[in-house]
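All values reported here derive from a predicted model rather than from experimental measurement. We use all heavy atoms of the structure for the numbers below, so side chains are in, but hydrogens, waters and symmetry mates are not. Here is the naming used below: chain letters follow the sequence lines, and residue numbers restart at 1 for every chain.
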Protein chains: 4
Amino acid sequence: MTIARTDLPDLADGLLQAFTDVRSLTERLAGLLSPEDQTAQSMPDASPTKWHRAHTTWFFEEFLLSPTAGYTAYDPTFRYLFNSYYDQVGPRHPRSERGLVTRPGTVEIERYRCHVDTAMADLVRSGGDQREAELVRLGLHHEQQHQELLVMDAKHLLSKHPFGPALVPAPADEPEDATAPAPLGWRGIEGGLVEVGHDAREHGFAYDNESPRHRVWLEPFEVADRPVTNADWRAFIADGGYDRPELWLSDGWATVKQDGWRAPGYWRERDGEWWVFTCSGERPLRAAEPVCHVSFYEADAYARWAGARLPTEAEWEHAAAGLDRLAQAGGTPGRTPTGWTALDPLRMHPELARAGVLGQVWEWTSSAYLPYPGFSPPEGAVGEYNGKFMCDQHVLRGSSCVTPAGHQRLTYRNFFPAGARWAFSGLRLARDAGR
Amino acid sequence: MTIARTDLPDLADGLLQAFTDVRSLTERLAGLLSPEDQTAQSMPDASPTKWHRAHTTWFFEEFLLSPTAGYTAYDPTFRYLFNSYYDQVGPRHPRSERGLVTRPGTVEIERYRCHVDTAMADLVRSGGDQREAELVRLGLHHEQQHQELLVMDAKHLLSKHPFGPALVPAPADEPEDATAPAPLGWRGIEGGLVEVGHDAREHGFAYDNESPRHRVWLEPFEVADRPVTNADWRAFIADGGYDRPELWLSDGWATVKQDGWRAPGYWRERDGEWWVFTCSGERPLRAAEPVCHVSFYEADAYARWAGARLPTEAEWEHAAAGLDRLAQAGGTPGRTPTGWTALDPLRMHPELARAGVLGQVWEWTSSAYLPYPGFSPPEGAVGEYNGKFMCDQHVLRGSSCVTPAGHQRLTYRNFFPAGARWAFSGLRLARDAGR
Amino acid sequence: MTIARTDLPDLADGLLQAFTDVRSLTERLAGLLSPEDQTAQSMPDASPTKWHRAHTTWFFEEFLLSPTAGYTAYDPTFRYLFNSYYDQVGPRHPRSERGLVTRPGTVEIERYRCHVDTAMADLVRSGGDQREAELVRLGLHHEQQHQELLVMDAKHLLSKHPFGPALVPAPADEPEDATAPAPLGWRGIEGGLVEVGHDAREHGFAYDNESPRHRVWLEPFEVADRPVTNADWRAFIADGGYDRPELWLSDGWATVKQDGWRAPGYWRERDGEWWVFTCSGERPLRAAEPVCHVSFYEADAYARWAGARLPTEAEWEHAAAGLDRLAQAGGTPGRTPTGWTALDPLRMHPELARAGVLGQVWEWTSSAYLPYPGFSPPEGAVGEYNGKFMCDQHVLRGSSCVTPAGHQRLTYRNFFPAGARWAFSGLRLARDAGR
Amino acid sequence: MTIARTDLPDLADGLLQAFTDVRSLTERLAGLLSPEDQTAQSMPDASPTKWHRAHTTWFFEEFLLSPTAGYTAYDPTFRYLFNSYYDQVGPRHPRSERGLVTRPGTVEIERYRCHVDTAMADLVRSGGDQREAELVRLGLHHEQQHQELLVMDAKHLLSKHPFGPALVPAPADEPEDATAPAPLGWRGIEGGLVEVGHDAREHGFAYDNESPRHRVWLEPFEVADRPVTNADWRAFIADGGYDRPELWLSDGWATVKQDGWRAPGYWRERDGEWWVFTCSGERPLRAAEPVCHVSFYEADAYARWAGARLPTEAEWEHAAAGLDRLAQAGGTPGRTPTGWTALDPLRMHPELARAGVLGQVWEWTSSAYLPYPGFSPPEGAVGEYNGKFMCDQHVLRGSSCVTPAGHQRLTYRNFFPAGARWAFSGLRLARDAGR
C-alpha cells in the first residue's frame, strides 16, 4: 500500500518536457482507436475519445492561451463544443450529445492539438509567472485524469460491441491462474488526533479538494494487507451475495434488482465458468487478481458480508502514509509497478496482487465526497474543477493500473456515484480494533 | 436553539398512556381528511394517509403481537400490504402503487387499529419484558415519525389540487406581517475534541443511528442565532440566486434547470407578490418567518451566496447542547412551544421566529447521512430501520412545527435526499471562526 | 350476429324517462364501489369512478344548462376539473392527474348530480327545441359510453390489487365448463357496391362518426358464425402463438416482448391451469366462452395463425346488416340478451357463446379509424367528440356484455389503440371467398 | 404530377449494369461523409451511414449468396450486426445501438462491399433463374430506398450539430427568392369504380405492398395542381396554425405541445426571418418552394385550416395515373427532373415548383397504411419486407428530390408514423367535388 510522489516539475525546462510527455501519451492512447471508435459515446457518463483529445486541449487554450495577447483561437466554435462543465466560461454542448458532434473529425482535432501545443511551448519557454506555471501543471494533471477516463470510456464502448473487440493485444506472456490469492492479513493502526490532506506549504502539486490539511480524530482500527480478490468475490457470490437484501444498502439493493446485477462489471458467465472482458478482450477470470469494476454498493455489501467495513478516507490516508514512510526509509522504489503497457488490472501479474501494492485498483472508502473543513475553491472558472461535485459521490483512494505514472498521490481524492462500475474500482477491508 | 428531552415513559402504566396518546393523535390527524383524501398518493415518495394509519399499526402487529402465543392476525394479507421496506419480513407491495390499494378502506383500517390496540393494551398491561417495552417505545416513535410524514404527504397532495384546499382552517388570530425579521447575530463556539451522539448509558430513547456516542474534532466556528427567513430568501432571489450557476452544486444547478425552480416549494408568484401554500390554503408570504420547504441544494446555494456555510451535524449538535445546558440551568421550560394546533411553520407567530427557538423548521446540515464510528444496527428486521438508508442522504437537525411533541431530541438525525422539498425544511448558517 | 336498434326516445316525456333511467344506472354502478375505490386512477388511460360520475354530469351542464338563462353553475371550478378533452371549452385538468383530485368527494358529486338532474328535468319538461333534444340524447349516449368505461376502469383497478377483490358477487348459478365450443362455421357474403354508415334521413340516433352513409366496393368474402373462443386461444398459445414473430405485426411483436405478454389480459396461469380475473374475482377459464381482453395486435396475430384475417369494418357492417334483416323478418326479438346483471363476458353462459349473438365482446376489425368520405364534425366544442381521434386507432364493432342496453347499434364505431386490452374486446374471423 | 416508370432491367446484362450503377451511387453518397460522420446515430429511427452501406450489402449476401453452394461469408458476425428487422433470419443487434458498433469501420465495410459485389457479379453473369433475378431487383430497389434514408439520416445528424455543417456545397447558381408561388388551381376527377395498385401481369418491378391491383369506389373529387408552398405555410403560421387546437388531431396537438413545434422541421427563426437547414447548410427560406419536412399531423392540420383535406391514396393514384397517360401521349419525357445533384428540395429551382411536377416532396395522403384486399406477402424472410409494418403508419405518395432516379413509381406506397418529420415530406390538397 505504497504511493510514490512522482510529481510533475514546475521549472520551465522540466515543465516543457512534462508537457510534451503528457500530451504525447494521450495521442498514443488515442492511436489505439480508429476514427469510428473515437466518435461513439456509449453512455451519457462516457465521452468519445476524440472529445477527450479536444477537451484537454481546450483547457490549455481557455485558461492559458486565450488570456494571452496575440493568441488567435484555432476555431471559435470549439469554446462551445469542448467546454465540459465550466458554467463561468459560457454555454456548452449538452454532455449526452457529444457522440453526435462528428465534426471536427480526428484529423482536425490532431491539427488543433498541434496548434495549441506550439503556442503552449512558446508560453512555457517564455518563462511566465508563477500562476501560469501552476495552471500548466493543473492542465497536465487534468489531461492525465482524462487519460484514465479515455481508457475507461473506450473499454466501456468496446464492451457494448456484441463481439467484444480488444483495445490492445493480449500480451504473449499471459500468466497462468494456478496461484491462489494470499491469505488476508490485518495491520493495526493506532489512530488518535491525526492530520490528513495536502499541506500547501509542502512542495508538490495537489488538487484544491485535497486541502487544507486538517486534524481528524480516529479511533484505533485495522486495515487489510491486500485488496479483495476475484476468489474472495466468487465466495461472496456463492454465498448468495447478490440475493440477500440484508447485506445491502437500500438503494444498492434496488439497483441490484433493477439492473439485474449478479457479478462485477464485465464479468460474464458461460457454462458455469466466469469470463471477464478486459482491454484485450474476453478471457477466463483469474482468482488471485484484485476484484475490479465493482460499485460502491457492491463494495459496501461485500464488506458487510465479510464482517468488516470499508475504511474512511481519513483512515485510508493515515494508514497509507505510515507505509509510505516505511517504504521510503527502506529504500524500496515506492513506484507503482504498472505503466501504460498494462492497460487492465485483469492483465496484472498475480505476484503484484499478492504484494499488496496500491496501483491496481482504486479502493472505495466509506466516505462521502465532501469539502474538507476550511476548503475554498480558487476564484474563477477553474474553481469549478472539484467543489461543485461534492454531493452524493463517494471517495476512492489509491490509483489503478490505468492511472498514468505521476498521477498517483497519497492525498488524492477520486470520486464516483455509488452505482458507477466503469472505473477500475475495487476495495480493501477495514475493521474497528479489538474485534 | 433549545431542544427539550420529553421522552416517552417505559413503565407499564405510563407506557399505556403514551400508547393511547400517540395512537389517538394519528386518528385525529387522519380525521381532517375524507376517505377520498386518504386514498390518493401524490408522488412515489409520499404515501396515502390510510396507508400510514395501517402501516403504523402493522408495525406493532408484526414486531410485538405476531410473535405472541395466541394472537390471531386481523387479516393475513396486511402483512404484504402494509410492510414498508422490511426485506426480512417478506415480500411487500410496491411503494409506488400504494395509491391503488383502495381496499381495505378507511373504515376497515379503523377496525384494524382497534383490533391491534386492544391486543397491545393487554400486552403492555401484562408487563412484558424489557425488550418488549423497548419495541413498544420504538413503535410509538415510529408512529410519531409517520404523523409528521402524514402531514407532509397530505399537504403535498392538497397542493396538487388546482384549487388549493385547506387541511385545517386558518386561525382567527392570524398575525400581521408588519414585523421585519430580527437582524442576524452570530454565536462563537470553541470546538476541540467533543462528544456527540446518544449515550446508551443515559436514560431515554434514541434511534440506533444516533449511537454510539463518539469523539469528533471540531475547529472553532460560529453559528447564526436564528434560521434564515423569508425576507432573507427574497433577497437571495432578487440577487439572481436561481440564475447564477456559480452558487450551486452541479447536481443542484441541474435540478434548478430541469424542474424550473424559482423559489422554495409551495411559493407562488402572482402579479409580483409572493403567496405561499400552507396547510390552511394559500396566503401572502410573511417576511419574518423562517424559510421552509427548501432542498439541501437550495440551502447550500443560499449559504454560499451569504458568504457562509451550513454547519456539520457535529457542529450543530455541539452548539445546541451548550444552549440546552444553559436553558436547563436557567429554569426555562425548554419545551418547543409548538403543538399540533400549528400544522404549518408558515402559520407560526413572528415572535417565535425571532426567539430563535428550534422546532419551527428542520435545519439542513452539510453532513452526509453516514453511520457513526462503531455503529451497528440491531439484529433482525428491526435493524432495517435506519442503517440501510445511509447513502446519498443529507442530515437535518432540530425539529419542525409539525413534529409531534415528545419526538424532538438533541441527537435526532433526520435525513432526506438533496432535492427533497416536501419536508418542513429550512436552514441556519454557520461559518469558520476568525473570518 | 344481430344488433337491435333500441334507441332512446326524443319526445319530452319519453326523453325524461330515458334521462332518469340512464342517470340512475350510473349511480347504481358507482354504488358497487366505495369512496376509496372511486378515487383511484390505475393508469393514465383510465379514470376514477367519481370522475366519470362528475364528467357525465358536466356534459349536460356545459352544453345544455350553462347556455340557459338563469342557470347557476353548481361550482365554477368543475368546468376545469371535469372537462375531459374539449379544447374549445377551455383549459382542463391533466388526464393523468385525475386520481389526485380527491375533492370534491363522492358525496359532493352526488349533490352535483342532483343539482344538474333537477335543472335538466325542468329543461326537458319545458319541451325545448330540436337541437336541445338532440344534445340531451347525445349526453345520454355519452353517459352510456362512460358506463362501460366505468366498468372497464373499475375492473382494471381491482385487478391491480394484489388480492383481486370482486366488483360484484359471483352468481349462484355459475355454469359448468363441460361444454366444448361449437365448431366454427363460415357464412358467405356476396359483396359488390354496398352502402354502409348511418343514414341521416333515418330515424334514430348515431354519433357523427357513423355518417355519412356511403358506397364501398366489397369483393366476396366469408365471415365466421361465432367469435374466437378461449379454447381456440389456448390452441394458439399451445402452438407457440406468443413465441413466433412471423405471426405478428412488427409493433405487436415489440409489445409482446416488452410487456411480456403470454396470454390475453386478465389471464393468469397457476400450476399449469388458466385462471381469469373477472368482475367477480378470479375463477377458472371456461373453454366455450369468447376470448376477451385481447389487443388488436393479438387479434391480428391470431387471425394470421388461423389462416384467416379480420374483417374490414365495411364487411362487418354489411354482413351484420343482412343478419339483422333476417332476424327482423323472423320475428326474433333481436335484443342482446345481456344486461347489467352480467358485468363480465367471462360470466356469460356458454349457450350464448354458441348462439353467435353479438353483444358479448367487441370485435376488432382490420380497419383503421378514419373519417368516412364526406365526414364533417358538428360546429363548436361538441364537434370534438369523435373526429379528432381519427389517427392510429382501430375500429371495433358490435358491443360487449357490459355495453348498456340501448347503446348497441349496427353502424356503431368503437375504437382503441392497437395495444389496448382493458376493453371487453375479442374477435371474429373473416376470409376471402373462394379460398 | 407525372411519374415516369424508369425501371431496372431484368436481363443479365442490363441487370449487371443496374447492379453496378446502384451500388456505386451508395458509395458516392457515403463519400460525402467522413468515417466519423458515418458512425454516429442521431436518433433511434435513424441509422449510421456505414450501417446503411453494410446492411444493403448484407441483403444480397443473405438472400442471394448464402444459399449458393461454395460461397463463403465475408464475416459470420455480420449476419447479426447488419440484419435490420428480419426475425426469420435470426437474432440481430438492437436498432437503437447501431451507433455503438464502431467496428467494422468504413474501410472494412468498403472491403465487405467489394467481396459481395464480386460474388454478385458472378451470380448475375451466370444467368441464374427467374427467382434470383427478382431477388436481385428487389435488392437494388431496397438499396435505392436506403440511399434516400442515408440522405435523410445524414441531414438529421448534421442538423444536430450546433454549427450546422453542410453535406454538399451550395450550388453557385442559387436562385433568387423574388418569385411568388403560382396561385393554386384545382383539377376535377370523376371517380367511380376505379382500379388501383400494381398489376402483376404487367412488366416492371413493384413491392409486394402495391399488389394486388383491385377495385375501389371513388366519389367525384378535386386535387390541387401544385403542392403547398412555404409561402402558404407562412400564412398558416401567421393565422395561428400552431396555436389553435381545433385544427389538429388530438395526438397531433399533444405533439405540438410536447415538442414545442412552431414551424416545419429544419425551419429556424432569427430576428423575425425564417431560415431553413438544408443539405448545404442554413439559408433563407424561399417562398415558392414546396413546404417540406412536415409531419402527417401538420399536413392534416394545414388541410383543415385551408378548408380542404388530404387525398386518399386511391384518389392520389387515380388522379396521377390520368396525368401520366396524358404525359405519355404528349410525348413529354415524363422524367422527374431532379437527380442526385440536387440533394435537397429546398435547393430546387422555383420553376420546378411551379411546374407541378412530382418528385420534389413526398405527399402525405389521408390513408392509413393497410394491406390491399387480397394482399399476401411472399414466403420466407423476404415476406417481412413490408407487411409487418401495416399498423399506425400513414401513406405518402410520389417521390422526393432525394429519391434516386428509377425508384419512382405511380403505385409506390411510402409510409411513416404520423409524427415523423425527417423524411422529405410535404402535401397536396384535395376536396370533395361540388364544394
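- Put simply, of A/Gln38, A/His161, A/Glu97, the one with the most heavy-atom pairs under 4.5 Å next to chain D is A/His161.
- Chain D is approached within less than 4.5 Å, heavy atom to heavy atom, by A/Ala40, A/Gln41, A/Ser42, A/Lys50 from residues 40-57 of chain A, ordered by number.
- Side chains of A/Lys160 and D/Val101 form no contact here, defined as non-hydrogen atoms less than 4.5 Å apart.
- Remark: the backbone N or O of D/Glu36 is not paired with any side-chain donor or acceptor of A/Glu36 at under 3.5 angstrom.
- Contacts of D/Thr39 with chain A are made by side-chain atoms alone, with heavy-atom separations under 4.5 Å and no backbone atom involved.
- Separating the OG1 atom in D/Thr102 from the CG atom in A/Leu157 is a distance of 5.0 Å, to the nearest 0.5 Å.
- Contact of the A/Leu81 side chain with the D/Pro162 side chain is registered, since non-hydrogen atoms from C-beta on lie closer than 4.5 Å.
- In this structure, A/Asp37 CG and D/Leu100 CG are separated by 11.5 Å, a value rounded to the nearest 0.5 Å.
- Considering every non-hydrogen atom in both A/Arg103 and D/Pro165, the closest pair reads NH1-CB, 3.6 Å.
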